[in-house]
Each structure stands twice: as structure tokens, then as C-alpha cells.
Amino acid sequence: MAGAARRRDGQIAQERMLEEAMAAIAEDGLAALTMSKLAERLGTSGGHILYYFGSKDRLLLEALRWSEELLTGERRALLGRRVTAGRKLDQYLELYLPEGPRDPRWTLWIELWARTASNEPLKAAQEEIDDSWQRDLEALLGKGVEQGRFAPMDIPARASELLALLDGLSTRVVLGQRGADRARALAQARSAAALLIPPA
């Protein structure tokens, strides 16, 4: 029992570190996040954080995984709702896009994308997360076609095309490019989705 309690305490400690890391990124940006500053926010030492994660890169990856797990729960709940396929698709778009330029999840994505070419574990983690979004979108589109809400289509191809477009819109919002904000990105995503996934 004592061992189980220690494991649970360790899990809580790690989740608290990840939550605080995401909050720090949202407040001050990724460049300002250091192990010492994160330790100060948590009232602990940099060594204590390193004990759990080993490096800043590992901390960032685990923070992204943690954030994505929360979104996966929301996405699966969305797929189970008793609403039309078109409404589900719209809610999927809303869930995917960043909240704004300081969205910590998307800030992490952009940082980690730049490192994947030379980091196999990071590349594998990124592909695993991407595949999860792709599978759920394919399931949503497939159900819509089956129910006669969407026209027949090459579901994997259309899902991939829409996700690529969402990635581009999201990057523009997070980088704060001129004329790029969440509301405009959502309107553009809806317009593109209507062309890629026409109603039956």
C-alpha cells in the first residue's frame, strides 16, 4: 500500500508540474520558461523537476501529451453526442483550433515540430497524437456518410486535407500573423470544410 501511495503522490506531483508549465507558457511564452523559473512557481527545486522528467525537452513533450489527453476526452465526448454530423464537425473544428496567440498547447506544437526531424521519440509521439485526431475525424465523417448527412467521399484523404488546413490556420493564429485570429480562422475552417465535405 505504501508503494501505491508513493506512486500516486508522484503522479499528482508530475501533473501539477505539467499544469504549471502550461500556465507559464500561456502567461509568458515558451522562451521564458526555464526549469529554474518553473521550480520557483512550484516552490521546489529544478533538480526535483529533473528527477521526474530528465530534461526540458522531455518536460515539454509530456506537457503536450498531458494537454492532448484532456482534449482526447473532450473529443470522444463530442463524438458521442446526439447531434447531427454537421454540428459535430463544427464542434470538432472549434476544439482543434487554438484559443489565441498565447494558446500553450499550440505554442508547444510549433516548438516541437521544429525538433522532430532529428528526434525519433519526439517524431513518434507527434505521429501518435496526430493519428488520434485523424482517426476520430474519419469516424465522424464515416458516420455522417452512413447517415446520409455527407456526400460519399474518400474519407481518409478528406480528413487528412482538412487537418492540414487546420494546422496552417492554427499556426497563423498562434504566431499572431496580421489578420489571423480565432474567429477568422474558424470562419475559414468552416468554409473549407463545406467545400471538402459537402452535404449529401
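Since we're looking at a predicted model, the values are computed, not measured.
Looking at L162 and L93, their side chains come closer than 4.5 Å, going by heavy atoms from C-beta outward.
Distance check, rounded to the nearest 0.5 Å: CD of E15 to OH of Y52 gives 11.5 Å. Between I155 atom CD1 and K143 atom NZ the span is 12.0 Å, to the nearest 0.5 Å. How far CD1 of I49 is from CD of Q14: 11.5 Å, rounded to the nearest 0.5 Å. Taking CD1 of I129 as the start and CD of E127 as the end, the distance is 11.0 Å to the nearest 0.5 Å. Annotation: the span from L18 atom CG to E69 atom CD amounts to 9.5 Å, rounded to 0.5 Å. Interatomic distance, OG1 of T44 versus CE of M17, reported as 6.0 Å (0.5 Å rounding).
D130 and Q134 are not linked by any side-chain donor-acceptor pair at a separation below 3.5 angstrom, with hydrogens and angles left out of the test. When only modelled atom types and interatomic distance are considered, W133 and E138 share no side-chain donor-acceptor pair under 3.5 Å. Checking D167 against Y96 by side-chain atom types alone, a donor-acceptor pair falls below 3.5 Å. A donor-acceptor contact closer than 3.5 angstrom is absent between the side chains of E99 and W106.
Counting heavy-atom neighbours within 6.0 Å of E40 CD, excluding the residue itself, gives a total of 12 or less. For R158, the CZ atom is densely surrounded, since the number of other residues' heavy atoms within 6.0 Å is greater than 12. By the neighbour-count criterion of 12 heavy atoms within 6.0 Å, atom CZ of R58 is sparsely surrounded, having that number or fewer from other residues, nucleotides or ligands. Atom NZ of K56 is surrounded by more than 12 heavy atoms from other residues, nucleotides or ligands within 6.0 Å.
Here the closest non-hydrogen pair linking L137 and L163 is CD2-CG, 3.9 Å. Of all heavy-atom pairs spanning L60 and L33, the tightest one is CD2-CD2, 4.0 Å. Minimum heavy-atom separation, A185 to L169: O-CD1, 3.5 Å. Considering every non-hydrogen atom in both P152 and V145, the closest pair reads CA-CG1, 4.2 Å. Here the closest heavy-atom approach between residue T107 and residue R102 is recorded as OG1-C, 4.4 Å. Of all the heavy atoms in L64 and L108, the pair that sits closest is N-CD1, 3.8 Å.
Using a cutoff of 4.0 Å between basic side-chain nitrogens and carboxylate oxygens, E27 and R41 are scored as salt-bridged. Between E20 and R16, at least one side-chain nitrogen of the basic residue sits less than 4.0 Å from a carboxylate oxygen of the acidic one, meeting the salt-bridge criterion. Comment: R65 does not engage E68 in a salt bridge, judged by the lack of any side-chain N to carboxylate O separation of less than 4.0 angstrom.
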*asked:* One pair to check against side-chain contact (heavy atoms from CB on, under 4.5 Å): L38 and L59. What are the steps and the verdict?
replied: CA-CA 11 Å; L38 180 59; L59 169 70; 3.5 Å; yes
*Worked check of side-chain contact (heavy atoms from CB on, under 4.5 Å) between L140 and L79*: CA-CA 7 Å; L140 191 162; L79 292 176; 3.8 Å; yes
*Show your reasoning for whether side-chain contact (heavy atoms from CB on, under 4.5 Å) applies to V173 and D181.*
CA-CA 5 Å; V173 171; D181 58 33; 5.7 Å; no
*Given E19 and S67, is the side-chain contact (heavy atoms from CB on, under 4.5 Å) satisfied, shown in steps?*
CA-CA 8 Å; E19 184 178 10; S67 172; over 6 Å; no
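Not one N or O on the side chain of R75 forms a donor-acceptor pair closer than 3.5 Å with the backbone of Y92. The main-chain N or O of P98 is never found under 3.5 Å from a side-chain atom of R105 such that the two would form a donor-acceptor pair. With R184 contributing its side chain and G179 its backbone, the two residues share a donor-acceptor pair below 3.5 Å. Proximity of a side-chain donor or acceptor of K88 to a complementary backbone N or O of R81 within less than 3.5 Å is detected. A donor-acceptor pair under 3.5 Å is formed between the side chain of S170 and the backbone N or O of L166.
A continuous path of Ile, Leu, Val, Met, Phe, Trp and Tyr side chains, each step under 4.5 Å between heavy atoms, connects M35 with W66, placing both in one hydrophobic cluster.
Within the structure, salt bridge (Lys or Arg N to Asp or Glu O under 4.0 Å) contacts touching residues 190-200 (residues at least two apart or in different chains) are D90-R190, E94-R190.
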